[in-house]
*Asks:* 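Got a structure for you, questions after.
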Amino acid sequence: MMELILFYFYATMALYSSLMVIGVKNPVHSVLFLILSFISVSCLLFLLRIEFLSLLFIIIYVGAIGVLFLFVVIFL
């Protein structure tokens, strides 16, 4: 039962944050919502017991691509 509640919570958070990526006007906030979306999808994969792919999402997408986007947006 707790897994189902967590699944719906992270799915809702992923949907909301992905809609906010394209809906917010500030590009820095958009990148931060993108990072939140990556983390919530990673938590969904962890709940589905796909731990390796979940850790890859956190390391590659959040650690590299998200921070790179944030750096470029702040730099410009």
Side-chain angles (χ1 to χ4, degrees):
M1 182 67 182
M2 187 64 180
E3 288 182 2
L4 187 63
I5 292 171
L6 285 174
F7 182 81
Y8 283 130
F9 172 72
Y10 287 126
T12 305
M13 192 166 61
L15 183 64
Y16 174 74
S17 62
S18 61
L19 287 174
M20 291 303 290
V21 167
I22 58 174
V24 73
K25 292 188 180 195
N26 191 350
V28 175
H29 293 158
S30 177
V31 172
L32 291 175
F33 277 118
L34 183 68
I35 290 172
L36 179 66
S37 176
F38 288 152
I39 290 173
S40 61
V41 169
S42 176
C43 290
L44 282 173
L45 289 173
F46 192 75
L47 284 174
L48 294 174
R49 291 184 172 71
I50 309 173
E51 291 90 6
F52 181 71
L53 198 57
S54 171
L55 291 174
L56 280 179
F57 263 49
I58 289 177
I59 292 169
I60 293 174
Y61 285 117
V62 175
I65 296 174
V67 173
L68 179 69
F69 283 170
L70 189 62
F71 176 71
V72 167
V73 167
I74 290 174
F75 187 65
L76 293 176

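Predicted model, so just to flag it, every value in this text is computed and none were measured. Hydrogens, waters and symmetry mates are skipped; everything else that's a heavy atom, side chains included, is used.
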*Asks:* Can you tell me which residue pairs pass the side chain to side chain donor-acceptor pair (under 3.5 Å) test with a partner in residues 58-76, sequence neighbours excluded?
*Replies:*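 Passing the test, one end in residues 58-76: no pairs.
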*Asks:* For Ser54 and Leu45, which heavy atoms make the closest approach, and how far apart are they?
*Replies:*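 Heavy atoms of Ser54 and Leu45 come nearest at CB-CB, 4.0 Å.
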*Asks:* Would you say Ile58 and Phe71 are hydrophobically clustered, going by side-chain heavy atoms of ILVMFWY under 4.5 Å?
*Replies:*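 No, no single cluster joins them.
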*Asks:* Hydrophobic clustering (ILVMFWY, side-chain heavy atoms < 4.5 Å, transitive) - are Val21 and Leu44 grouped together?
*Replies:*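 Same cluster.
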*Asks:* Please round to the nearest 0.5 Å and tell me the distance separating atom CD1 of Ile59 and atom CD1 of Ile65.
*Replies:*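 Going from the CD1 atom of Ile59 to the CD1 atom of Ile65 covers 13.0 Å.
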*Asks:* Kindly give the heavy-atom pair with the smallest separation between Leu47 and Tyr10, and that separation in Å.
*Replies:*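 For Leu47 and Tyr10, the tightest heavy-atom pair comes out as CD1-CD1, 3.8 Å.
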*Asks:* Do Phe52 and Phe46 sit in the same hydrophobic cluster, where Ile, Leu, Val, Met, Phe, Trp and Tyr count as joined when their side-chain heavy atoms come under 4.5 Å apart?
*Replies:*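 Per the 4.5 Å side-chain linkage, Phe52 and Phe46 are not co-clustered.
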*Asks:* In Å and rounded to the nearest 0.5 Å, what is the OG to CD1 distance from Ser42 to Ile50?
*Replies:*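 It is 10.5 Å, given to the nearest 0.5 Å.
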*Asks:* As an exercise, state the distance from CE of Met20 to CG of Leu32, rounded to the nearest 0.5 Å.
*Replies:*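 Spacing of CE (Met20) from CG (Leu32) equals 11.5 Å.
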*Asks:* With rounding to the nearest 0.5 angstrom, report the CD1 to CZ distance, Ile74 to Phe69.
*Replies:*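 Spacing of CD1 (Ile74) from CZ (Phe69) equals 14.0 Å.
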*Asks:* Test side chain to side chain contact (heavy atoms under 4.5 Å, CB included) on Phe57 and Val62; report intermediate values, then the result.
*Replies:* CA-CA 7 Å; Phe57 263 49; Val62 175; over 6 Å; no
*Asks:* Indicate the atoms forming the closest heavy-atom contact of Ser37 with Ala14, along with that distance.
*Replies:*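 Closest heavy-atom pair between Ser37 and Ala14: OG-O, 4.1 Å.
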*Asks:* Please list all pairs meeting side chain to side chain donor-acceptor pair (under 3.5 Å) that have one or both residues in residues 62-76, counting only residues at least two apart or in different chains.
*Replies:*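 Applying side chain to side chain donor-acceptor pair (under 3.5 Å) to every pair that reaches into residues 62-76, excluding sequence neighbours, yields nothing.
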*Asks:* Quick check: are there more than 12 heavy atoms from other residues, nucleotides or ligands sitting under 6.0 Å from CD of Glu51?
*Replies:*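 More than 12 within 6.0 Å, yes.
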*Asks:* By the side chain to side chain donor-acceptor pair (under 3.5 Å) test, which pairs, at least two apart or in different chains, include something from residues 67-76?
*Replies:*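 Residue pairs with at least one partner in residues 67-76: there are none.
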*Asks:* Walk me through it: do Met13 and Phe9 pass the test side chain to side chain contact (heavy atoms under 4.5 Å, CB included)?
*Replies:* CA-CA 6 Å; Met13 192 166 61; Phe9 172 72; 4.2 Å; yes
*Asks:* Can you see which heavy atom on Val73 is nearest to which on Pro27, and at what distance?
*Replies:*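 Heavy atoms of Val73 and Pro27 come nearest at CG1-CB, 3.7 Å.
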*Asks:* Using the rule that Ile, Leu, Val, Met, Phe, Trp and Tyr join whenever any side-chain heavy atoms are under 4.5 Å apart, tell me whether Tyr16 and Val31 fall into a single cluster.
*Replies:*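 The answer is yes; both residues are in one hydrophobic cluster.
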*Asks:* Give, for atom CZ of Phe33 and atom CD1 of Ile22, the distance between the pair rounded to the nearest 0.5 Å.
*Replies:*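 Reported value, rounded in 0.5 Å steps: 12.5 Å.
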*Asks:* Can you tell me which residue among Leu36, Val41, Leu34 is in a side-chain contact (heavy atoms from CB on, under 4.5 Å) with Phe38?
*Replies:*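 So the option named by the test is Leu34.
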